[in-house]
Visitor: 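Below: one structure in structure tokens.
This structure is a prediction, so every number in the text was calculated from the model and none was measured. When a residue number appears, it is its place in the shown sequence, counting from 1.
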Amino acid sequence: MAAAIDGFLAKHADSSMFLRSNLARSGLVNGDQPFQGAYAVARNDNGEIRGVAAQYWSGLIVLQVPSNDPELDAAKLARAAMEAGGRPVRGFAGPRAQVVSARAALGMDGRQTRLDSDERMYAVDLADLQVPDPLKRGVVTCRQPLESELNLLIEWRVAYAIDQLGAEDTPALRRQAKEEILRFTSDNHNWVLLCEDKPVAYAAFNAVTADMVQIGGVWTPPLLRSNGFARYCVAGALQAAHENGKRRAVLFTGRSNWPALRAYVSLGFREVGDYSLVLFAD
């Protein structure tokens, strides 16, 4: 069943990275460890999969329901995933129309959120990546973090969650940030940019498949912005991914985040759709 689900998701690969990455890591195990979750599948009359939803260990429901009747299928699958998962719903992720439909169907339109994003999704074939000149010339360098830098990256991760995800600075957030940085580092899925041997920017792969990566958690401290550091860091991370056999990268960012949009377009990214992340305040 896992192979059949992944085969369907691969047809919609750009907007299915969370689903495919988690499925590859943990299979169809509905547990409380990272990446585990309960899956719900819709099939047509011929038995072919036409939609997938999953509720993960975190309580997030993730959707991929590209049918001719997305409202009906997204709503049904979200409910089925929630019932199978047996966890409180803490948010939704997926193409925007599907997220809106599922949230409404579960009666959660009025529930307070700390994030309700309508974002643009971008993708680039890594063979077409436009590497910035400062990275080519070695003015800046991009590499995986050292153990001595992890405390700094945890602080950056906390700042990112507060600034970009509407989180509050609590002990729970700091525990989560530490777990995430340690996991990214253990998996070789995060990168730092150095300028004059000092870390100035950070990027991570928040989902990975056999041939694709999804960029997430890009962060430059406020006092270091407007220098192109985030763009250089993303490019350096993607160069390494390409060298390791990945062929494509995706990301999503806010529709009005013009500095980020211009930076990604300059690297060769092109808009391929939309994406939405809803995180409830409670």
Visitor: For Arg247 and Leu126: C-alpha separation, side-chain torsions, deciding distance, then whether side-chain contact (heavy atoms from CB on, under 4.5 Å) applies.
Guide: CA-CA 5 Å; Arg247 65 170 185 83; Leu126 294 181; 5.8 Å; no
Visitor: Ring-plane angle category for Tyr202 and Trp156, please: parallel below 30°, perpendicular beyond 60°, tilted otherwise.
Guide: perpendicular
Visitor: Minimum heavy-atom separation for Thr220 and Ala201, please, with both atom names.
Guide: OG1-CB, 3.7 Å
Visitor: Mark yes or no for whether Arg270, through its side chain, and Val124, through its backbone, hold a donor-acceptor pair below 3.5 Å.
Guide: no
Visitor: Establish, for the pair Arg25 and Trp57, whether the NZ or CZ atom is under 6.0 angstrom from the six-membered ring centre and no further than 45 degrees off its axis.
Guide: no
Visitor: Do Ile5 and Val65 belong to the same hydrophobic cluster, where Ile, Leu, Val, Met, Phe, Trp and Tyr are linked whenever their side-chain heavy atoms lie under 4.5 Å apart, directly or via other members?
Guide: no
Visitor: Among the clusters formed by ILVMFWY side chains lying less than 4.5 Å apart, do Met82 and Val100 turn up in the same one?
Guide: no
Visitor: Can you tell me how far CG of Leu279 sits from CD of Gln112, rounded to the nearest 0.5 angstrom?
Guide: 13.0 Å
Visitor: Would you please classify the geometry between the Phe92 ring and the Phe280 ring as parallel, tilted or perpendicular, with 30° and 60° separating the classes?
Guide: perpendicular
Visitor: Could you tell me whether the side chain of Pro222 reaches within less than 4.5 Å of the side chain of Arg225, counting heavy atoms only?
Guide: yes
Visitor: For the backbone of Ile154 and the side chain of Lys178, can you confirm whether one donor and one acceptor N or O come within less than 3.5 Å of each other?
Guide: no
Visitor: Do Ser266 and Arg231 make a side-chain contact, defined as non-hydrogen atoms from C-beta onward lying under 4.5 Å apart?
Guide: yes
Visitor: Measure the OG1-CD distance between Thr253 and Glu271 for me, rounded to the nearest 0.5 Å.
Guide: 11.0 Å
Visitor: Could you check whether any side-chain N or O of Arg103 sits under 3.5 Å from a backbone N or O of Asp109, counting only pairs where one atom can act as donor and the other as acceptor?
Guide: yes
Visitor: With no hydrogens and no angle check, do the side chains of Ser276 and Asp118 hold a donor and an acceptor under 3.5 Å apart?
Guide: no
Visitor: Is it the case that the side chain of Asn44 and the backbone of Gly47 share a donor-acceptor pair, with hydrogens and angles ignored and the cut-off at 3.5 Å?
Guide: yes
Visitor: Determine the minimum heavy-atom distance between Pro134 and Tyr232, stating which atoms define it.
Guide: CG-OH, 3.5 Å
Visitor: Hey, are the side chains of Pro34 and Arg183 touching, using non-hydrogen atoms and a 4.5 Å cut-off?
Guide: yes
Visitor: Quick one: list whatever passes ring pair (Phe, Tyr, Trp, His ring centres under 6.0 Å) with Tyr56, sequence neighbours left out.
Guide: Tyr39
Visitor: To the nearest 0.5 Å, how far apart are CG in Leu152 and CD in Glu155?
Guide: 8.0 Å
Visitor: Given 3.5 Å as the limit, does a donor-acceptor pair link the side chain of Ser186 with the main chain of Leu182, or not?
Guide: no
Visitor: Taking the side chain as every heavy atom from C-beta outward, state whether Leu277 and Leu115 have any atom pair closer than 4.5 Å.
Guide: yes
Visitor: For Leu146, check side chain to side chain contact (heavy atoms under 4.5 Å, CB included) against everything at least two apart and list the hits.
Guide: Arg143, Ser148, Glu149
Visitor: Does any donor atom in the side chain of Gln64 or Ser16 lie under 3.5 Å from an acceptor atom in the other side chain?
Guide: yes
Visitor: Could you give me the CA-CA distance, side-chain angles and deciding distance for Met108 and Val89, then say whether side-chain contact (heavy atoms from CB on, under 4.5 Å) is met?
Guide: CA-CA 9 Å; Met108 297 183 182; Val89 176; 3.7 Å; yes
Visitor: In sequence, state the C-alpha distance, the side-chain angles, and the governing distance for Thr185 and Glu147, and then conclude on side-chain contact (heavy atoms from CB on, under 4.5 Å).
Guide: CA-CA 9 Å; Thr185 303; Glu147 185 175 355; over 6 Å; no
Visitor: Can a side-chain donor-acceptor contact be found between Glu243 and Gln239 if the only test is distance below 3.5 angstrom?
Guide: no
Visitor: Show your reasoning for whether side-chain contact (heavy atoms from CB on, under 4.5 Å) applies to Ile215 and Leu238.
Guide: CA-CA 9 Å; Ile215 289 283; Leu238 294 182; 3.9 Å; yes
Visitor: Linking I/L/V/M/F/W/Y whenever their side-chain heavy atoms sit closer than 4.5 Å, directly or via other members, would Leu261 and Val272 fall into one cluster?
Guide: no
Visitor: Might you confirm whether atom CG of Asn46 has over 12 heavy atoms from other residues, nucleotides or ligands at distances under 6.0 Å?
Guide: yes
Visitor: Hey, is the main chain of Ala80 close enough, under 3.5 Å, to the side chain of Glu83 for a donor-acceptor pair?
Guide: no
Visitor: Do Thr141 and Leu193 come close enough that some side-chain heavy atom pair is under 4.5 Å?
Guide: no
Visitor: What are the two closest heavy atoms between Tyr264 and Val218, and how far apart are they?
Guide: OH-CG2, 3.9 Å
Visitor: In this structure, would Trp219 and Leu165 fall into the same cluster of hydrophobic residues linked by side-chain contacts under 4.5 Å?
Guide: yes
Visitor: Any side-chain heavy atom of Val208 sitting closer than 4.5 Å to one from Arg20?
Guide: no
Visitor: Under 3.5 Å, is there a donor-acceptor pair linking the side chains of Asn30 and Arg87?
Guide: yes
Visitor: To the nearest 0.5 Å, tell me how far Glu48 CD sits from Arg43 CZ.
Guide: 10.0 Å
Visitor: Hey, what do you get for NE2 (His12) to CG (Leu19), rounding to the nearest 0.5 Å?
Guide: 11.5 Å
Visitor: Does any N or O in the side chain of Gln130 come within less than 3.5 Å of the main-chain N or O of Asp128, such that one atom is a donor and the other an acceptor?
Guide: yes
Visitor: Hydrophobic cluster membership, with links at side-chain heavy-atom distances under 4.5 Å among I/L/V/M/F/W/Y: are Phe252 and Val99 in one?
Guide: no
Visitor: Atom CZ of Arg248 and atom CG of Leu129: how far apart are they, to the nearest 0.5 Å?
Guide: 13.0 Å
Visitor: Which pair of non-hydrogen atoms, one from Gly51 and one from Phe8, has the smallest distance, and what is that distance?
Guide: N-CZ, 3.6 Å
Visitor: Is Asp187 reaching over with its side chain to a backbone N or O of Phe184, donor-acceptor style, under 3.5 angstrom?
Guide: no
Visitor: Between Glu119 and Ser117, is there a side-chain donor-acceptor contact under 3.5 Å, judged purely by atom types and distance?
Guide: yes
Visitor: Side chains of Thr209 and Asp211: any donor to acceptor distance under 3.5 Å?
Guide: yes
Visitor: Kindly give the heavy-atom pair with the smallest separation between Phe229 and Leu224, and that separation in Å.
Guide: CD1-O, 3.4 Å
Visitor: Using the ring of each side chain (for Trp, its six-membered ring), is Trp191 parallel, tilted or perpendicular to Phe205, with breaks at 30° and 60°?
Guide: tilted
Visitor: When clusters are formed from ILVMFWY side-chain contacts under 4.5 Å, directly or step by step, what else is grouped with Val158?
Guide: Ile162, Leu173
Visitor: Could you tell me whether the side chain of Val234 reaches within less than 4.5 Å of the side chain of Leu267, counting heavy atoms only?
Guide: yes
Visitor: Is the shortest side-chain heavy-atom distance between Leu60 and Val62 below 4.5 Å?
Guide: yes
Visitor: Restricting to non-hydrogen atoms, name the atom on Leu153 and the atom on Val192 that form the minimum distance, rounded to 0.1 Å.
Guide: CD2-CG1, 3.7 Å
